[in-house]
Amino acid sequence: MSPLKLIKNKTYINGEWVAAADGKTFAVYNPFDGTRLADVPDMGAKDTQTAIEAAAIAFEKWKKTTATERANILKKWHQLQLKYAEDLAILLTTEQGKPLKEAIGEVRYGASFVEWFAEEARRSYGDVIPTHSSDKRLIALKQPIGVVAAITPWNFPNAMITRKVAPALAAGCAVVIKPAEDTPLSALALAALAEEAGFPAGVFNVVTTRQPAVVGKELTANSLVRKLSFTGSTAVGKLLMRQCADTVKKVSLELGGNAPFIVFEDADIDKAVTGAIASKYRNAGQTCVCANRFYVQESIIEEFTKKLIKAIQQQKIGSGLAEGVQIGPLINEKAAQKVADLVADAQQKGAEVLLGGKPYELNDKGHFFEATVLTNLHTEMAIYQAEIFGPIAAIYSFSTEEEVIKLANDTNYGLAAYFYGRDYARIWRVAEALEYGMVGINTGMISTAVAPFGGIKESGIGREGSKYGIEEYLEVKYLCFGGL
Ligand code: ADP
């Protein structure tokens, strides 16, 4: 299968490659140079309903399969993802922009969830509960929740799908996926491989659209859908949670972040710089766990900043497909404008630009922004509370541990936090005090299929990956056997 065959112009519903009922399509562009890559179905409420109904019918059979049967198909899907990893990665870079090396990393990371949940399918044990009454016996069963709607973002067009779909399918649920309008091609490629892996018709469905509100409304209002798993902005997450209230759906939300990255004076500064680069500049700063606020202890701020700037200057901006490029384009014009506005607002209010600070002119269609370092920042600037989602390092100084914990927690977000230091007792104190779902200690890279990914506060509900991830797609049913 060549990358060309993985590019689809139709979408996959009920085991068929189909167009939108009204024949509408929309174009997908390469964010590097604006090339039109493909046209895909622009589906509406009726198509969404068709997909949900197909999933509901397929669920009735799929839920009765054994865990081993489901695991075997998932394993095939996993193997196909590895077999076509390079093709999937080229497609991913072409529609999303990230450097090919990162895209290959994402495809492997994405596939690792499929392997993990194929294994977990066979371990979703229930319980035999010690009884409260001698004439009764008590059991807790785990059962698949039903049809799952998965709404996914453009920043990880592959892995955000597998991270939701693999545990759902492993649990025995059927899925309807709505990928982001900027990056539907990776979703369709995954569907092509799912078809080849042999999932029964209707178990795996994709609704492509550039009308997310219309499709989102149907996915949340339709009572056949019993669970929504969403990754995206906090604003949309809140809206979807509200919309799910009417039918009381179970929700998993993985929303925005405002990650602090703290460097204490006893840290290994070189390692902190390496971690900072990995955390901040991956995907051109467009990940929800990207370092958003650097807090550096006063006595080392000069050294850290100097070394960080030197490391950033070695990063090459360009096409994700070009050799040696570390920073690709931003996803679209809106994203580039947001980053430019944040930098302009900070500058107007007194921030100092130590590096970069402007859009990067590479061609007239791509949206690039220079890797930027800002200092002299304060809490009145928009950049302090905003999720930056771009290659901007905002550096703040602090003097005491108590102060920095307060600053780090001064946000409605609570996804990821990072800190570097060597004092053993402080490591424990700070790790416990940070109000975040995930904390990286002396590392800037925390994501793996085997650990629970997710946030607290307004960063979300639920966990993905790990032994906890499959629970999001299971209901506990209590059986009480009486009259013994
Ligand atoms: P971002 O700002 O990162 O694009 P969004 O939250 O807008 O984040 O997008 C994440 C996903 O949510 C995408 O698949 C997008 O199409 C979808 N989305 C956006 N608005 C809505 C909506 N009103 N209802 C349902 N899905 C939506």
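If you're wondering where the values come from, they're calculated on a predicted model, not measured in any experiment. First listed ligand is number 1; within each ligand, the first listed atom is number 1. In this chain, residues are counted from 1 in sequence order.
Nearest protein heavy-atom contact of atom 12 (O) of ligand 1 is Phe230 CE1, 3.2 Å. In this structure, the protein non-hydrogen atom closest to atom 8 (O) of ligand 1 is Ser233 N, 3.6 Å. In terms of protein heavy-atom proximity, atom 25 (C) of ligand 1 is nearest to Pro212 O, 3.3 Å. Atom 17 (C) of ligand 1 has Ile151 CG2, 3.8 Å as its closest protein atom, hydrogens excluded (heavy atom only). For atom 15 (C) of ligand 1, the nearest non-hydrogen atom of the protein is Glu181 OE1, 3.6 Å. If you check which protein heavy atom lies closest to atom 1 (P) of ligand 1, you get Trp154 NE1, 3.7 Å. For atom 21 (C) of ligand 1, the closest non-hydrogen atom of the protein is Val236 CG1, 3.5 Å. Looking only at heavy atoms of the protein, atom 23 (N) of ligand 1 is closest to Leu239 CD2, 3.4 Å.
Within ligand 1, counting atoms from 1 as listed, the ones closer than 4.0 Å to a heavy atom of Leu240 are 24 (N), 25 (C).
At a 4.0 Å heavy-atom cut-off, ligand 1 touches Thr152 through the backbone alone. Residue contacts with ligand 1 for Phe389 are absent, since no atom lies close enough (heavy atoms, distance under 4.0 Å). In Leu219, neither the side chain nor the backbone holds a heavy atom less than 4.0 Å from any atom of ligand 1.
Between the side chain of Trp77 and the backbone N or O of Leu190 there is at least one donor-acceptor pair closer than 3.5 Å. For Thr11 (side chain) and Val206 (main-chain N/O), a donor-acceptor pair under 3.5 Å exists by modelled atom type. Checking side-chain atoms of Glu387 against main-chain N and O of Gly257 turns up a donor-acceptor pair under 3.5 Å.
Taking the six-membered ring wherever Trp is involved, the centroid distance between the rings of Phe419 and Tyr295 does not fall below 6.0 Å. The six-membered or imidazole ring of Trp154 lies away from that of Tyr29, with a centre-to-centre distance of 6.0 Å or more.
Geometric assessment of Lys98 against the ring of Phe156 yields a positive cation-pi assignment under the 6.0 Å and 45° thresholds.
For the side chain to side chain contact (heavy atoms under 4.5 Å, CB included) with Asn155, the lone residue among Thr183, Asn283, Asp182, Ile331 that qualifies is Asn283.
Ile7 places none of its side-chain heavy atoms less than 4.5 Å from the side chain of Leu37.
Counting only heavy atoms, the protein gets under 4.0 Å from atom 5 (P) of ligand 1.
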Practice task
May I have the step-by-step check of side chain to side chain donor-acceptor pair (under 3.5 Å) for Ser252 and Glu464, ending in yes or no?
Solution key: CA-CA 9 Å; Ser252 292; Glu464 296 191 299; over 6 Å; no

